[in-house]
Amino acid sequence: MIKALVLCILITGISFAQEGNTPVVSPPAEAGNPDNAPTNLETYEEEVGTVPEVGEVQADEVQPEVYPSQEEEEKLVKEIQAADSNQAQETDSAASSDSLTEETATSPEPPAASEAQAPKPSEEKKPLKAPSATPKKAMSPSPVPASSGTTEKKPEETPAKEEEAEGGEGLQFKPGLTFGTMTKDGQTWTRLNFRPELSIGKLGVAFDLELFMNEQQQFDSYGWEFDSFDNGMNSILRKIYYVRWGQPGETLYLKAGSLDGITLGYGLIMEGYGNTALYPDRKLLGFHGQINHIPFFDMGIEVVLNNYQELFRGEGVIGARASIAPLGKLGLPILSKLRIGGTMVTDINQLGSLPDRDGDNCPDGLDISPNNKWECSGAPSITDTTVYDPDATTRASILRRNAIDSSASQVLKDEFSNGDQFSLISFDAGVPIVSMALFTLDVFSEVAFQMYQNSDSFFDGGYGIIFPGARATMGPVNASLQYRILKQPFFPGHFNALYEAERANIFQGRMLTKEEKYWSNSSQISKGIFGSAGVDLKGLVNVGGSYKMMFPDEGKKTHGYTGEASLGESITNLIPKLGAGKIFWVKERVGEDRNSDGEAGSSDGFFESSIYTYYGYSVGVDMSANLMLTVTNITSFTRSESGKLEAQTNMAFETALSF
């Protein structure tokens, strides 16, 4: 005991006297030896290194400072005692102390890290790493737009991973292959799509290489046409699904290609916007960029463009937002986090989304010869074969038809070529009240107007106001509640996930824009509430929905709702062959449409379909370990000439192969 105590005191004193900070590295533990102590000095020398002899350490050498733990000191005492057991047992206590002092003063120098930390192959220990979530089975991209109120995070909204923020983990390659059907010009085509994804650090690129087969099962040149500038640009741009730098919310974020889930401000004019509603029939190459934390009042700038090709024609949807924190440097509690901003979104030409293949300013949906720029039609009755035979090719028949429909055609061409601009502008302010790991609470307000370019009054139409508004998160649950004041004509969240599909369509023989469909001619004021909620139970289910109820000054209340639910991997793993599942339902303006028979004076019920309704589902079935078949069905409604409600169903099949 006395010997051990003296050794401990001497070792501690020597440790503080030496210089350096290299820790003592113990040899690997062996089975049956939890204290990690070698059984004899030879074993220790084999695993760690030869114990220096007395006098090897020169006085002028700078030795590393050692801070052994109590356990390591006890191990070293046992080792020296084992070595001393072979020496003479009868020495006086003074001589023994001197000897021990001499040996302790030259205690083994810790081996180099490369030697001490090199375990035997059977004992190799991998460095600790934070566990990453098991990738979920992602459904193949489909034309299903995210409904308002959903809580599902889009690829553009997902926070950047820590390693990406620091530069990434090097080059990564993810091949993908899909095979399925799509609807093009009312026909069912077969589509083969190879989509490899490359990423390195903050840079990510996803290609989109396609082959199409028409209804005659013949390969079509669609997507590979270079006979004109527009076709050539379309063919080139279709090969890119997206190119991105960084993630939303970072100091610099850039993305070109397919866009999803973009909200500017608090969503009064743009909420959940995406340009993929018509994909893959029509693929738009858009742009979304953010510059955050600019030194001037912590300014942030955000820009959205729906389609480069339209921009080349002087058209397209353009959105821009700027925000600042005016009190950020004052250090005031709560108010220092106040952020104010302004947003403007304009559709330079709503009719620009209508295809016109032959470029005759006569949209294909109303053009009896969409591939012949010399022919157009302004009224359906003109196409009567008793008056004109569309298959005739003689000059006489063409001149005869042009004499009949030239007036109506010219009216249509003028309307289409003049375009129809639509613009909205908003101002907002918001401040976080509570910012905790498990609970956050923000309050905000926003006001929006329609901009009239040809009016004496800049804000001559309707407006929308959110005051007050609040949103909160608590763990996996998020919720929002707003009090709204709307002066018609105004439709909140006009630029949403479905905008590209609703932007302009052919309806009962004429062009109909979303503005005409949703913005009434009334000037009354309505007040009410809008609420949304969602829960993301990781691995189980993701459910979200919204509801709004408005009370006008005159007439009955108006309301609408949305809902969406998708299954998580924990659920799909319990059901054989089920790879993914999702359903959604959207109904706006409940009670403002007629019933399904179109009876005069009637109104649609809460759960009854109307022209403001669409719903659908998407189901993925595992065919094998790396092969999944996805079935997507979207149903919307329109009115026939008789007034009856007619369903329009778009079903697509897609087979995705993962590597």
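One-based numbering along the sequence shown. Any value given below was found using the heavy atoms of this structure, including those in side chains, with hydrogens, waters and symmetry copies removed.
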- Nearest heavy-atom contact between Gly286 and Asn275 is N-ND2, 3.5 Å
- Is there a side-chain contact between Leu259 and Thr276 (heavy atoms, below 4.5 Å)? no
- Atom of Leu354, atom of Pro363 and distance for their closest heavy-atom approach: CB-CB, 4.2 Å
- Item | Basic-acidic side-chain contact under 4.0 Å: Asp428, Arg339 | no
- Message: Using side-chain contact (heavy atoms from CB on, under 4.5 Å), reason through Asp593 and Arg639 one step at a time and then give a plain yes or no.
- Response: CA-CA 11 Å; Asp593 191 23; Arg639 295 275 178 191; 2.9 Å; yes
- Qualifying residue for side chain to side chain contact (heavy atoms under 4.5 Å, CB included) with Glu250, from Lys202, Gln290, His293: Lys202
- Flag this pair as yes if the NZ/CZ of Arg195 is under 6.0 angstrom from the six-membered ring centre of Tyr241 and inside a 45 degree cone about the axis; otherwise no. yes
- Task: Return the set of residues passing ring-ring contact (aromatic ring centres under 6.0 Å, His included) with Tyr499 (not counting sequence neighbours), or none when no residue passes.
- Result: His494, Phe495
- Task: Could you tell me whether Leu330 atom CG has more than 12 heavy atoms of other residues or ligands within 6.0 Å of it?
- Result: yes
- Could you pull out all residues at least two apart from Phe416 that satisfy ring-ring contact (aromatic ring centres under 6.0 Å, His included)? none
- Message: Which heavy atom of Met550 sits nearest to which heavy atom of Pro552, and what is that distance?
- Response: O-CD, 3.6 Å
- Can you name the side chain to side chain donor-acceptor pair (under 3.5 Å) partners of Lys587, sequence neighbours left out? Asp604
- So, do Phe637 and Ser610 sit near enough that their side-chain heavy atoms are less than 4.5 Å apart? no
- Message: What I'd like to find out is whether the side chain of Thr343 reaches to under 4.5 Å of the side chain of Ile269, using heavy atoms alone.
- Response: yes
- Task: Assess the pair Phe422 and Trp519: is the distance between their ring centroids shorter than 6.0 Å?
- Result: yes
- Message: Before we go on, tell me: are the rings of Phe444 and Phe467 under 6.0 Å apart, centre to centre?
- Response: no
- Message: Classify the ring geometry of Tyr561 against Phe606: parallel below 30°, tilted from 30° to 60°, perpendicular beyond 60°.
- Response: parallel
